[in-house]
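In each ligand, atom 1 is the first atom listed, and ligand 1 is the first ligand listed.
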Amino acid sequence: MSSRIIDIYRNPIGRDLLRKILLQLGWSEKLIDNRIIGSLRLGWIQRLSFGRVDRGLLESIISLLNTGDSIPEDKISNTRAWWKEAVFYQVYPRSFMDSNGDGTGDLRGLISRLDYLSALGIDAVWLSPVYDSPNDDNGYDIRDYRKIMAEFGTMEDFDELLSELHKRGMRLLMDLVVNHTSDEHEWFKEAVREPLGKFGDYYFFRDKPNNWTSYFGGSAWRYIEERKEYALHLFSQKQMDLNWENKDVREDIKDMVRWWLEKGVDGFRLDVINYISKPKGLPDGSEVIGKLMGFTGVETYFYGPRLNEYLRELKRDAFEPYGAFTVGETPGVGIEMMKLLTAEGRKELDMAFSFDHLETPGHSRFDEYRYDLNYYKSFMTQHMESYSPYCQMSLFYENHDNPRMISKVDKDEKVRWILGKLLAVMQLTLKGTPFIFQGQEIGMVNGRFKSMEELRDVDSFGKFSELKETIGEEKAFNRILAGSRDNARIPMQWSKKENGGFTDGTPWIGTGDIEVCNAEDQMGDKASLWSFYRDLIALRKKHPALIYGEIEITNKDRKDIFTYFRRDEKETLYIECNLGRENIRRKGVMPTGRMLISNYEDTDEHLRPYEASVWITKED
Ligand code: GLC
Ligand code: CA
């Protein structure tokens, strides 16, 4: 309690925590350099804040700081690995391609589109969950880990998918959802039926709930009549959190993972994996953080006491023997914690997804606002300089949980394609591994929903019913519209045909603007966004400097300009981007060398709106 702010900032985990709090408040990190603020002692903060900072918050900061882990100092030696070179593509199967006219995408549909992915140059597919599930959260609520969801097909279809991918030289990443299972999973049913039996302790049951809230609204506890106890669910009421403290839980999970690896899958994306270690006794969360973040309890478990240990165990016993690759979904984790999770020598995860670049400071997914790409630049500058020398960065703008990036940055239809190309340039030339979400390569934008009835997502419904109590239905709907995960879940736009060629039946969720945006038209057009993605992916493969080369960012203080060099022993590439809608005068000279690709047809003395180009300035 007598530590000073500045001391906390010097501790890697402390630095992440302070950054996170400042980000939420929309304040600058420079504040900490302020002598007076820097010298404040933790214990005083509670007093000075007139109770706005509670004891719980300070205690969870202290316990995180005392985990005593130190960040490895060694830079990565740029060891080669397929997943550093690969371009990944995320398939959300429900919305990708329907083969049988029931309106729901499926595995045979996906198989029929593998040549499309090959043509784009994709190396690996991350497949959102396809396991048996009652679909309360579209497959993220698993009922049977070793069965394929009937709507999506059969295990034979799955085996064929895997072999067809491998035939084309592509790899398959499965989604591993092991923070929770469906309440319809055998384990949970057994736990309820026989509280003293083998499964009685597989989940968290308590007489009295604590104050944690669910990400989808309301308390994180559901009363289970048969047990006369409450069970924990951080997500929907049907997604019950597994108790990783129980060794049998961990062994069962490892068995299941090995079962899929035996089939030949190449790796996993680990769903909310940083939430698996809950602190002993499940202490209440801080109300202050709860208000700030919109959910209570998160600071107690988002980097739990045994997280690193569990990850190491999982890697050692399940992934490593098969050479399987892992990328963890790790919401809320900052740079330093991410290093602890992904530094090569620590043998926990290969890569991680953090999400702090998806909204600008002080904003949440549900705010309607314009995303300023200058924030993306500052975020990336920080990560390129202090993360990627140590670990491999994941590069993404979109997934099935977030609105489309083009919609966030600029809704003006006139700049849609230019902007899409700018985003592509940054994603494929910064240092890291790109993950493209289905439809991003053709510039798909947010869905066009007119009422709550048109939405499908459990998260949107939960938030809506919570919000309408306080701000009324209309305002609540507008917030949901801005942030709904359904924005990115509308069907893939294959062609101008009815329903965008996604299904012959009635799609499970409304389709988007297929007349102006579809794969078929774009594949036949050399100047399209799709062709641009294909060319950039090819360029990335041709120039290893874009993969393993070092990165040097220039013009750091110039607003709207994002420029950087990528170099290895053989060549130097130069990337030049205009992040805004105005012409920018190039101070100094034009880039030298040869232009390799650009979203404008010529060069000009100005950098034009959203202009982005890649140059080669030194070649062998
Ligand atoms: C992850 C998934 C999201 C899901 C949640 C619970 O964030 O990406 O879709 O709802 O975990 O499994
Ligand atoms: Ca189908």
Side-chain angles (χ1 to χ4, degrees), residues 90-113 126-131 133-143 145 148-154 157 173-183 185 214-217 220 232-242 268-276 295 298 302 327-333 352-355 358 365 394 396 398-403 435 437 456-463 483-489 491-492 499 501-509:
Q90 182 192 351
V91 169
Y92 193 68
R94 181 167 297 274
S95 305
F96 196 59
M97 182 67 204
D98 175 23
S99 70
N100 62 353
D102 67 356
T104 298
D106 45 51
L107 296 181
R108 302 222 66 85
L110 169 54
I111 294 172
S112 74
R113 295 294 182 175
W126 151 27
L127 188 59
S128 276
V130 294
Y131 315 93
S133 160
N135 284 307
D136 194 46
D137 185 20
N138 285 359
Y140 283 92
D141 48 322
I142 297 173
R143 181 165 49 201
Y145 286 107
I148 297 294
M149 189 193 302
E151 278 180 290
F152 287 175
T154 61
D157 296 332
L173 211 61
M174 298 284 281
D175 214 314
L176 190 67
V177 189
V178 288
N179 173 68
H180 45 264
T181 72
S182 162
D183 62 349
H185 193 287
S214 146
Y215 288 96
F216 298 159
L232 177 67
H233 62 88
L234 293 181
F235 293 90
S236 93
Q237 299 202 10
K238 287 175 66 66
Q239 289 168 297
M240 316 318 291
D241 281 64
L242 282 165
F268 296 91
R269 173 262 188 189
L270 279 52
D271 191 68
V272 289
I273 199 67
N274 57 319
Y275 294 177
I276 57 178
F295 24 83
V298 57
F302 86 108
V327 53
E329 186 207 22
T330 55
V333 160
F353 295 129
S354 82
F355 296 89
L358 294 189
R365 175 151 70 86
S394 65
F396 71 101
E398 301 184 354
N399 61 25
H400 63 295
D401 292 331
N402 288 279
F435 286 78
F437 178 59
R456 299 287 176 269
D457 181 18
V458 59
D459 172 45
S460 298
F461 296 135
K463 296 247 167 59
S484 177
R485 307 192 297 180
D486 283 337
N487 279 312
R489 296 178 178 186
M492 176 68 187
N499 297 319
F502 162 72
T503 179
D504 295 334
T506 308
W508 70 279
I509 189 169

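Of the listed residues (Val458, Asp183, Asp137, Asn135), just one forms a side-chain contact (heavy atoms from CB on, under 4.5 Å) with Lys238, and that residue is Asp183.
Side-chain atoms of Thr154 and Asp157 include a donor-acceptor pair closer than 3.5 Å. Using modelled atom types and a 3.5 Å distance limit, the side chains of Thr330 and Asn274 yield no donor-acceptor pair. Side chain to side chain, Tyr140 and Ser128 meet the donor-acceptor criterion of an N or O pair below 3.5 Å.
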task: Report the C-alpha distance between Phe295 and Phe302 in whole Å, list the side-chain angles of each, state the deciding distance to 0.1 Å, and finish with yes or no for ring-ring contact (aromatic ring centres under 6.0 Å, His included).
output: CA-CA 12 Å; Phe295 24 83; Phe302 86 108; over 10 Å; no
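The name of the N, O or S atom in Asp102 nearest to the Ca ion (ligand 2) is OD1. Between the Ca ion (ligand 2) and the N, O or S atoms of Asp98, the shortest distance is to OD1.
When distances to the Ca ion (ligand 2) are checked against a cut-off of 3.0 Å, Asn100 contributes an N, O or S atom below that limit. Among the atoms of Asp106, an N, O or S atom is found under 3.0 Å from the Ca ion (ligand 2). Not one N/O/S atom of Ser99, from backbone or side chain, sits under 3.0 Å from the Ca ion (ligand 2).
Closest to atom 7 (O) of ligand 1, if we only count protein heavy atoms, is Glu329 OE2, 2.8 Å. Of all protein heavy atoms, the one closest to atom 10 (O) of ligand 1 is Asp137 OD2, 2.5 Å. Atom 11 (O) of ligand 1 has as its closest protein heavy atom Asp271 OD1, 2.9 Å. In terms of protein heavy-atom proximity, atom 8 (O) of ligand 1 is closest to Asp401 OD2, 2.4 Å. What sits closest to atom 5 (C) of ligand 1 on the protein, heavy atoms only, is Phe235 CE2, 3.8 Å.
Atoms of ligand 1 lying under 4.0 Å from any heavy atom of Phe216, numbered from 1 in the order shown and given with element: 10 (O).
Relative to the six-membered ring of Trp508, Arg456 misses at least one condition, a distance below 6.0 Å or an angle of at most 45° to the axis.
Note on ligand 1: His233 sits outside its first shell, no heavy atom being nearer than 4.0 Å.
In terms of modelled atom types and a separation under 3.5 Å, the side chain of Asp459 and the main chain of Phe216 share no donor-acceptor contact.
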